[in-house]
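Everything on this sheet refers to the single structure shown next.
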Amino acid sequence: MDLRAIERRLLGHPGATRALHPSWGWMVYWVGGRQFACEFTAAPTAKAPYAGRRLLSLKCAPERIAELRAEFPDTVLPAYYSDGRTWISIDLDADDIPETLVCDLADASYGLVFARLPRRVQREITGA
């Protein structure tokens with residue numbers, strides 16, 4: 001999977017930024033001061049099924065999580081270090097999930113987080 005293409009998609013949204021979380025070593029993507037994605041490699045000592053996997057965590061609608069987990073049980077995991085009811089972690093090295101789907105899920109994550117921002121912040125971001 002081309003992480004650069006996914007990163008371009010993540011940063012292509014209005015107001016999207018990224019920053020390395022220094023103590024975790026994760027690349028975190030933000031909009032309006034709120035996280036909407038993070039990319040990282042889980043430590044080899046992390047619990048299964050996360051250990052050593054390169055992951056992308058995204059906010060996701062709960063009903064969509066169930067569908068994705070059923071279709072990609074070894075690739076779409078309950079979110080690592082986030083609320084598994086509203087976040088997922090995707091194994092970026094898996095071959096069974098299309099890159100286009102990952103990009104669409106990145107778009108949806110941004111949309112979910114952006115929609116919860118105060119209207120004033122949304123207007124500042126969009127310039128409307």
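Quantities reported herein were computed from a predicted structural model and do not represent experimental measurements. Start at 1 with the first residue, then count along the sequence.
The closest side-chain donor-acceptor pair between E39 and Y29, if any, does not fall under 3.5 angstrom.
The same ILVMFWY cluster, assembled from side-chain heavy atoms under 4.5 Å apart, contains both I6 and V31. A single hydrophobic cluster is seen to contain both L77 and Y80, as judged by linkage of ILVMFWY side chains at heavy-atom distances under 4.5 Å, directly or through other members. No continuous path of ILVMFWY side-chain contacts below 4.5 Å connects L101 to W87, so the two sit in separate hydrophobic clusters. If you chain together hydrophobic residues whose side chains sit under 4.5 Å apart, I88 and W26 never meet in one group. Using a 4.5 Å cut-off between side-chain heavy atoms of Ile, Leu, Val, Met, Phe, Trp and Tyr, with links allowed through other members, V113 and L68 fall into the same hydrophobic cluster.
Separating the CD atom in E71 from the CG atom in D96 is a distance of 8.5 Å, to the nearest 0.5 Å. In this structure, OG1 on T86 lies 6.0 Å from CD1 on I65, to the nearest 0.5 angstrom. In this structure, OG in S82 is found 6.0 Å from CD in Q35, a value given to the nearest 0.5 Å. Note that CZ of R34 and OH of Y110 are 12.5 Å apart. Values are rounded to the nearest 0.5 Å. With rounding to the nearest 0.5 angstrom, the CE atom of M27 is 11.0 Å from the CG atom of L10.
For CZ of R116, the number of neighbouring non-hydrogen atoms (other residues, nucleotides, ligands) closer than 6.0 Å is 12 at most. Other residues, nucleotides and ligands contribute at most 12 non-hydrogen atoms within 6.0 Å of the CG atom of D95.
Side-chain contact check for R85 versus P62: every heavy-atom pair is 4.5 Å or farther apart. Using a 4.5 Å cut-off on side-chain heavy atoms (C-beta onward), R18 and V28 make no contact.
With sequence neighbours excluded, no residue forms a side chain to side chain contact (heavy atoms under 4.5 Å, CB included) with A66.
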List the atom pairs, with distances to 0.1 Å, where a side-chain N or O of residues 43-61 and a protein N or O form a donor-acceptor pair under 3.5 Å, not counting sequence neighbours.
residue	atom	partner	partner atom	Å
Y50	OH	P78	O	2.7
R53	NE	P49	O	2.9
R53	NH1	D74	O	2.8
R53	NH1	D91	OD2	3.4
R54	NE	D93	OD1	3.2
R54	NH2	D93	OD1	2.9
S57	OG	S89	OG	2.6

Return all side-chain donor-acceptor pairs below 3.5 angstrom for residues 119-128, not counting sequence neighbours, or 'none' if the list is empty.
residue	atom	partner	partner atom	Å
R119	NH1	Q122	OE1	2.9
R120	NH1	E124	OE2	3.0
Q122	NE2	F114	O	2.8
Q122	NE2	A115	O	3.3
Q122	NE2	L117	O	3.1
T126	OG1	Q122	O	3.0
T126	OG1	A128	N	3.4

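In terms of modelled atom types and a separation under 3.5 Å, the side chain of S109 and the main chain of F36 share a donor-acceptor contact.
Pairing each heavy atom of C38 with each of F40, the nearest pair is SG-CE2, 3.9 Å. Among all heavy-atom pairs drawn from A94 and M1, the shortest one is O-CE, 4.2 Å.
No salt bridge links E7 with R4; every basic N to acidic carboxylate O contact stays at or beyond 4.0 Å.
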